[in-house]
Amino acid sequence: MQRAVVGFYQDEESHWVARLECGHGQHVRHDPPWTVREWVTTEEGRAERIGTAMECKRCEEEK
């Protein structure tokens with residue numbers, strides 16, 4: 001289920017998590033070569049993603 005990104009925070013292991021409009025979080029790790037998300041490493045990159053849609057796995061599971 002697609003949900004808008006409303007912000008970001010770091011979890012207890014310092015991994016970045018997108019805060020979604022539904023209140024759930026979705027990890028957005030930059031972990032090359034498996035997952036390349038260089039944008040998450042800068043404040044500017046994260047700010048550009050505010051308002052974009054991401055799949056919320058928890059909302060999908062609750063359906």
Side-chain angles (χ1 to χ4, degrees):
M1 189 169 296
Q2 295 285 305
R3 300 289 191 214
V5 175
V6 297
F8 292 92
Y9 64 94
Q10 285 184 295
D11 68 10
E12 60 279 345
E13 296 177 9
S14 297
H15 295 272
W16 285 103
V17 181
R19 185 178 321 275
L20 305 176
E21 65 182 324
C22 57
H24 295 136
Q26 179 65 43
H27 278 95
V28 286
R29 294 180 181 95
H30 175 58
D31 188 23
W34 297 279
T35 307
V36 178
R37 292 187 180 117
E38 288 185 33
W39 58 266
V40 80
T41 63
T42 66
E43 187 174 336
E44 296 83 10
R46 292 186 300 276
E48 290 175 0
R49 301 295 173 133
I50 301 292
T52 62
M54 290 187 73
E55 195 68 30
C56 180
K57 295 175 184 177
R58 288 187 61 193
C59 280
E60 195 63 39
E61 290 169 359
E62 292 174 359
K63 264 174 59 173

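Counting from 1, the numbers follow the sequence of the chain as shown. Any value given below was found using the heavy atoms of this structure, including those in side chains, with hydrogens, waters and symmetry copies removed.
For P32, the side chain to side chain contact (heavy atoms under 4.5 Å, CB included) partners at least two apart in sequence or on another chain are H30, V36. With sequence neighbours excluded, the residues forming a side-chain hydrogen bond (donor to acceptor under 3.5 Å, both in side chains) with Q2 are E55, listed by chain and number. E60 pairs by the side-chain hydrogen bond (donor to acceptor under 3.5 Å, both in side chains) definition with K63, not counting sequence neighbours. For E13, the side chain to side chain contact (heavy atoms under 4.5 Å, CB included) partners at least two apart in sequence or on another chain are D11, H15. Not counting sequence neighbours, the partners of E44 by the side chain to side chain contact (heavy atoms under 4.5 Å, CB included) test are T42.
Counting non-hydrogen atoms of neighbouring residues, nucleotides and ligands closer than 6.0 angstrom, the CD atom of Q10 exceeds 12 such neighbours. Counting heavy-atom neighbours within 6.0 Å of E43 CD, excluding the residue itself, gives a total of 12 or less.
Looking only at side-chain heavy atoms (C-beta outward), R49 and R46 stay at 4.5 Å or farther from each other. In this structure, H24 and E62 have side chains that are in contact, with non-hydrogen atoms separated by less than 4.5 Å.
Annotation for A4 and G51: closest pair CB-O, 4.2 Å, computed over non-hydrogen atoms.
Other residues sharing the hydrophobic cluster of W16, ordered by chain and number and joined by side-chain separations under 4.5 Å: V5, F8, L20, V28, W39, V40, I50, M54.
One distance of note links OG of S14 with CZ of R29; it measures 11.5 Å at 0.5 Å rounding.
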